[in-house]
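Accompanying notes for the structure given below.
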Number of protein chains: 2
Amino acid sequence: MAKQKISTMKELSEAIGVSRPTLSRYFQDPTSVRPSTSAKIKERLADVDYVYNFLATRQNRKSTELIGVIIPHLEDLFFASLLEAIERHARELGFTIITQSSDGDPQIEEHAVRKLRSMSADGAIIAPLGSESSAELFQWICDDLPIVFADSHPAGNDDCADFVGTDNYQSVASLVEYLCRADEPPYFLGMPLLNTNAFERRNSYAKTMRALGHEPKFIEPAGVDDSWQFEAYGHGIMNHHFSHQRYTDATILCANDRIAIGAIRAANKHGLFARGCESRSALRIAGHDDHPLSRYMYPAVTTVAQDVEGIAKSAVELLVGRIRGERTGDPVRLLKPAALKLRESA
Amino acid sequence: MAKQKISTMKELSEAIGVSRPTLSRYFQDPTSVRPSTSAKIKERLADVDYVYNFLATRQNRKSTELIGVIIPHLEDLFFASLLEAIERHARELGFTIITQSSDGDPQIEEHAVRKLRSMSADGAIIAPLGSESSAELFQWICDDLPIVFADSHPAGNDDCADFVGTDNYQSVASLVEYLCRADEPPYFLGMPLLNTNAFERRNSYAKTMRALGHEPKFIEPAGVDDSWQFEAYGHGIMNHHFSHQRYTDATILCANDRIAIGAIRAANKHGLFARGCESRSALRIAGHDDHPLSRYMYPAVTTVAQDVEGIAKSAVELLVGRIRGERTGDPVRLLKPAALKLRESA
DNA sequence: CTCCCTTTTTTACACATGTAAAAAGTGCAC
DNA sequence: GTGCACTTTTTACATGTGTAAAAAAGGGAG
């Protein structure tokens, strides 16, 4: 690469032989200059090493074409796949993604939101933590720029921005119905109450159970602290119970797959699954989300698949619609259905 | 929040009653102004809603305090944990992270590198893809800004930037030695040749085997395409072989845990592990990395734990050292040892 | 009260680009 | 060759901040 390094548009305009404003217009839309000029610029550009200054361009354009994404944890394959899908769709529409992980900490979440505003992001997709303290923050940011909440929505103010997520009532109901149809009605092993999904899944379980004429039965957490370490959480609780011979032939619906993975590990250690998972065991464990590794567990986790791809696509589309001003008015609330994945564990 | 919204430092300086340059210095270092002034600013700032303009500040500072991180896939818990750790350390040092996933695609990787330069990032931590086409690109970016390669290094030019990663020779050797000591010498199930780790682990396996007086034996991929879908890769290959009664009582060393997870699933489906993983089976499968879910498999995966935290910490420290000019001279090559994790699968 | 030193304000310019308006240039039809 | 329409160049100003230098103000010691 012996190409001449050029660092400003002014230098570049001299090297190419067109004026700087013409170059500026060319970079924003090559068809906005005469075809012969456009060709000339394109040709000379190939001989030269020039990268435009992102900071300077974005400071002056009305739109920065930056979209912020805030998720609770990168180290969770559900959020990781959501993020990858969002990135893919945003890239197609010409937007750059700024990812911030809130690391489960409302303070970091707040910091991330403020940083997005200071970066003049055009909008943001947020998978919020469940902290009540965030309500004010979200109200504040919603006033300033288009926001789409994804996966879960803030506890207090549901009406300040669009939302896309899974219809937990549908997804959990379809699992409960299946489990009741196939065998015993399930117990519910909830997730730590970290966001609205935790509540909705719990409520949906109870509601569906009652509708089917069963009394909801919850497995008690037994001294495990609330955290995003779901596998450890599920494993800790169920290992404890199985050690005391409890729930050893029960049907257990876990609030998410990561908890189910922990629970399945505990069950295996206690030899509670029938050899060769084809023959159904008395103990049944189901999850929720279709975590990428669910199918590799043994037994493979029966679960419901969230439409991650659809959620990501809609979130980006909703957001970009707002950013471009094509969509105004009341916030939209998109609930995606989830698909039952019958596998081996239940 | 009825706070007065203020969007520029000029407005703010009028509202507070100090000059704009004083404010500017206050924001960069509150101790650089007289304590009484600092207190006054701090006090009035609380009554007002002001966010500095990131783009404008960073355009003019010599340092943007932005660090770019490029990883092959977010949807891989190894990289996700690496990224989280990097983010944490960078945040402590006051740097903002811009993450770009190359999605396994050299073109996207190139795009990401160029974007980092156009954003005037102070430096970048890159976990490169193995593509030869990237050599020129990396040379180009290394000339412009401090780079640290993490996890794996570009195939061609090893000497253009610092590197931090796992000592694959040590890690694989310790596994091979353990496996040979405990029982039969292992076969090697490699990973797709996507980066230098793939080669190094393969070579280390062969070398260690010979040193111990055994002939290296490789399990052939049997028509599975090269991709980052490691679980599917491992599962596909081993399911195929197990179906033909091959390797059913072998010891198999997988190039990473995700492949091992796929292989273990296949083994379980074929009933090849002894019930209750306490009693050792003839079939043994080991992995590499200590993937966060390895311990939840059944049998739990025997593996070596990469020092993700240490790699992330060193990568950030090396990079920041270069950025601050505290470190110059020849590239450093830091190899972290990995720790054997004896679990149930081997 | 004065002097000196420190801090702050004022003023000015810089950064790399966007963008608007006026001036100059180009090409084409007649 | 003239006139017209379209492009491009020129010129000038904008963005929101960093930063340097000079001028002004403030505080403390004598």
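In the text below, chain A, chain B and the rest are named by the order of the sequence lines, each starting its count at 1.
When each of dT10(C), dT8(D), dG18(C) is scored by its nearest atom to the side-chain atoms of Q28(A), the top-ranked nucleotide is dG18(C). Between dT17(D), dT9(C), dC15(C), one nucleotide has an atom nearer to the side chain of A56(B) than all others, and that is dT17(D). Taking only side-chain atoms of N53(B), from C-beta outward, the nucleotide of dT9(D), dG16(D), dT11(C) with the closest atom is dG16(D). Of the candidates dT17(D), dG16(D), dT19(C), the closest approach to any side-chain atom of P21(A) belongs to dT19(C). Checked against dG18(C), dT8(C), dT17(D), the side chain of S24(A) finds its nearest nucleotide in dG18(C).
Residue T37(A) places at least one side-chain N or O under 4.0 Å from the OP1 or OP2 atom of dT8(D). In this structure, T22(A) reaches the dT9(D) phosphate: one of its side-chain N or O atoms is under 4.0 Å from OP1 or OP2. Taking only side-chain nitrogens and oxygens, K62(B) never comes nearer than 4.0 Å to OP1 or OP2 of dC15(C). Considering only side-chain N and O atoms, Y50(A) lies nowhere under 4.0 angstrom from the phosphate OP1 or OP2 of dA16(C). Regarding contacts with the backbone of dG18(D), every side-chain N or O of Y26(B) stays at 4.0 angstrom or more from both OP1 and OP2.
Along DNA chain D, the nucleotide nearest to S38(A) and the one nearest to R20(A) differ in position, and the one closer to the 5' end is contacted by S38(A). Of the residues near DNA chain C, S19(B) and N60(B), the one whose nearest nucleotide (by heavy atom distance) lies more toward the 5' end is S19(B).
Look at CD on Q59(A): it is 12 Å from P on dA16(C), rounded to the nearest Å. Residue R25(B) contributes atom CZ, which lies 17 Å from atom P of dT17(D) at whole-angstrom precision. Rounded to a whole Å, the NZ atom of K10(A) is 11 Å from the P atom of dA14(C). One can place OH of Y52(A) at 10 Å from P of dG18(C), the figure rounded to the nearest angstrom. Between the CD1 atom of I16(B) and the P atom of dT9(C) there is a distance of 11 Å, rounded to whole Å. Distance, L55(A) CG to dG18(C) P: 13 Å, rounded to whole Å. Counting to the nearest Å, the P atom of dT19(C) and the CZ atom of R61(A) are 8 Å from each other. The distance between atom NZ of K40(B) and atom P of dG26(D), rounded to the nearest whole Å, is 11 Å.
Here the rule is side chain to side chain contact (heavy atoms under 4.5 Å, CB included) with I311(B), and of V316(B), L82(B), L335(B) only L82(B) fits it. For the side chain to side chain contact (heavy atoms under 4.5 Å, CB included) with S102(A), the qualifying choice from V113(A), L129(A), I126(A), I71(A) is L129(A), the only one to do so.
No donor-acceptor pair closer than 3.5 Å links the side chain of D122(B) to the backbone N or O of I67(B). Without hydrogens or angle criteria, D307(B) side chain to K336(B) main chain gives no donor-acceptor distance under 3.5 Å.
What you find for D151(A) and A127(A) is that their closest heavy atoms are CB-CB, 4.4 Å.
Looking at heavy-atom distances under 4.0 Å, T8(B) makes contact with sugar-phosphate atoms alone, never a base. Residue-level contact check: T57(B) touches the backbone only, with heavy atoms under 4.0 Å from sugar-phosphate atoms and none from bases.
Taking the ring centroids of H153(B) and F163(B), they lie under the 6.0 Å cut-off.
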